[in-house]
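Only heavy atoms go into these numbers, but all of them, side chains included; no hydrogens, no water, no symmetry mates. From a predicted model like this one, the values you see are computed outputs, not experimental measurements. One is the number of the first residue; the rest follow in order along the sequence.
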Amino acid sequence: SIKNGLLRAAYLILAIQLLVGLTQLFNLPVFSWLYNDEKAFGLGSIIRISGTFGNPNFLAWIVIQMTVIIHLFEKKKVKKVFWIILGLFLVFLSGSRSSLVLLPIIIVLTMLLSNKKDLKYYLFKIPKYIILLVLGFLALYGLIKQFAQQLPYLSQLLFILETGSLDSVNSIDMRLTGWEISWQEIKGDNSIITWLFGFGPGSD
């Protein structure tokens, strides 16, 4: 009952995100009165959808979780593959770089962890999953390169591959700098409260 409930919830959530996301993709303000879509950009602009969450990164994270639930509990292989591809499509349209990289890895890891550990697993399944992962990333690389102008957020992944450095992406560089400053402040504070709970919300 729990598995069936989770599956139904996952299908419903992904279906709703697809419906709202497609209206954002085609610049149709059908649900804009209900959901904040200021961070969503459709065709003809920077392609990025936010679904019902108002934030593309939140959308991608929820989609990953729902996709994993379907992968774990759906018994029909064709249906499972269809919804995994749909989840990947939604993450792709969200423009979330980290989520696009994470989803294939999480799916493959889930496959590896959920399979029976026998001789067939080590000789055939592990190599097969690794090959699928590599081919999947090559396909994503080609797709992002083809539509780099329409997908400026995802195209920054190409800069990382070409330069070999996360510093080539401005937002990542800014976050790393901010985290480094916060870490130095935490290390300089002798309070056990700060070490356990941080500085709290709203702190500079």
Side-chain angles (χ1 to χ4, degrees), residues 3 6-7 9-11 13-15 17-18 21 47-51 53 55-148 150-176 179:
K3 290 180 180 179
L6 286 171
L7 266 177
Y11 289 138
I13 290 170
L14 286 186
Q17 300 316 311
L18 177 65
I47 297 176
R48 203 166 195 204
I49 65 172
S50 58
F53 296 95
N55 186 302
N57 294 317
F58 292 163
L59 168 66
W61 179 238
I62 295 299
V63 168
I64 286 178
Q65 295 182 63
M66 297 306 104
T67 305
V68 171
I69 287 173
I70 292 171
H71 172 63
L72 286 173
F73 300 138
E74 178 55 62
K75 295 179 180 179
K76 296 179 181 178
K77 189 173 182 180
V78 175
K79 192 175 182 181
K80 178 188 295 187
V81 171
F82 170 79
W83 284 94
I84 289 176
I85 293 174
L86 178 62
L88 185 61
F89 176 68
L90 287 172
V91 171
F92 185 81
L93 290 180
S94 76
S96 176
R97 297 173 294 250
S98 54
S99 294
L100 187 64
V101 174
L102 276 175
L103 180 54
I105 295 174
I106 290 173
I107 293 297
V108 170
L109 285 176
T110 305
M111 289 178 176
L112 290 173
L113 293 173
S114 59
N115 273 273
K116 183 180 179 181
K117 309 299 187 293
D118 53 13
L119 186 60
K120 183 180 178 182
Y121 169 83
Y122 292 104
L123 292 181
F124 299 105
K125 289 188 177 181
I126 290 181
K128 181 180 76 172
Y129 293 150
I130 292 174
I131 291 172
L132 285 173
L133 186 63
V134 172
L135 291 176
F137 277 126
L138 288 175
L140 284 175
Y141 175 82
L143 194 61
I144 294 171
K145 196 167 186 178
Q146 181 69 28
F147 298 98
Q150 293 80 15
L151 302 166
Y153 287 95
L154 293 181
S155 64
Q156 291 181 8
L157 291 172
L158 303 179
F159 300 144
I160 296 176
L161 292 174
E162 291 168 1
T163 63
S165 173
L166 292 173
D167 295 339
S168 59
V169 180
N170 292 334
S171 62
I172 295 178
D173 187 40
M174 290 171 59
R175 289 172 187 174
L176 291 175
W179 293 338

Report yes or no: is the cationic atom of Lys117 (NZ for Lys, CZ for Arg) closer than 6.0 Å to the six-membered ring centre of Tyr121, at no more than 45° off its axis?
yes

Would you indicate whether the side-chain heavy atoms of [Y] and [X] approach each other to under 4.5 Å?
X	Y	result
Asn55	Ser50	no
Ile107	Thr67	yes
Phe58	Ile62	no
Leu90	Ile49	yes
Leu59	Gln17	yes
Pro56	Ser96	no
Ile130	Ile126	yes
Ile85	Val81	yes

At what distance, to the nearest 0.5 angstrom, does [atom1] of [X] lie from [atom2] of [Y]?
X	Y	atom1	atom2	result
Leu113	Ile106	CG	CD1	11.5 Å
Leu133	Leu138	CG	CG	9.5 Å
Ile64	Ile69	CD1	CD1	12.5 Å
Leu103	Ile84	CG	CD1	8.0 Å

Quick one: which residue pairs count as a side chain to side chain donor-acceptor pair (under 3.5 Å) with a foot in residues 126-137, not counting sequence neighbours?
Asn115-Tyr129

If a pair satisfies side chain to side chain donor-acceptor pair (under 3.5 Å) and one of its residues is in residues 74-91, list it, with sequence neighbours excluded.
Tyr11-Glu74

Can you spot which of Val68, Leu18, Leu14 makes a side-chain contact (heavy atoms from CB on, under 4.5 Å) with Val63?
Leu14

Nearest non-hydrogen partners of Ile70 and Leu7, listed with the distance:
CA-CD2, 3.8 Å

Side chain to side chain contact (heavy atoms under 4.5 Å, CB included) assessment of Trp61 paired with Asn57:
CA-CA 6 Å; Trp61 179 238; Asn57 294 317; over 6 Å; no

Run the side chain to side chain contact (heavy atoms under 4.5 Å, CB included) test on His71 and Met111 for me, step by step, so that the C-alpha distance in whole Å, both residues' side-chain angles and the decisive distance to 0.1 Å come before the verdict.
CA-CA 9 Å; His71 172 63; Met111 289 178 176; 3.4 Å; yes

Using modelled atom types and a 3.5 Å cut-off, is there a donor and acceptor pairing between side-chain atoms of Tyr141 and backbone atoms of Gly136?
no

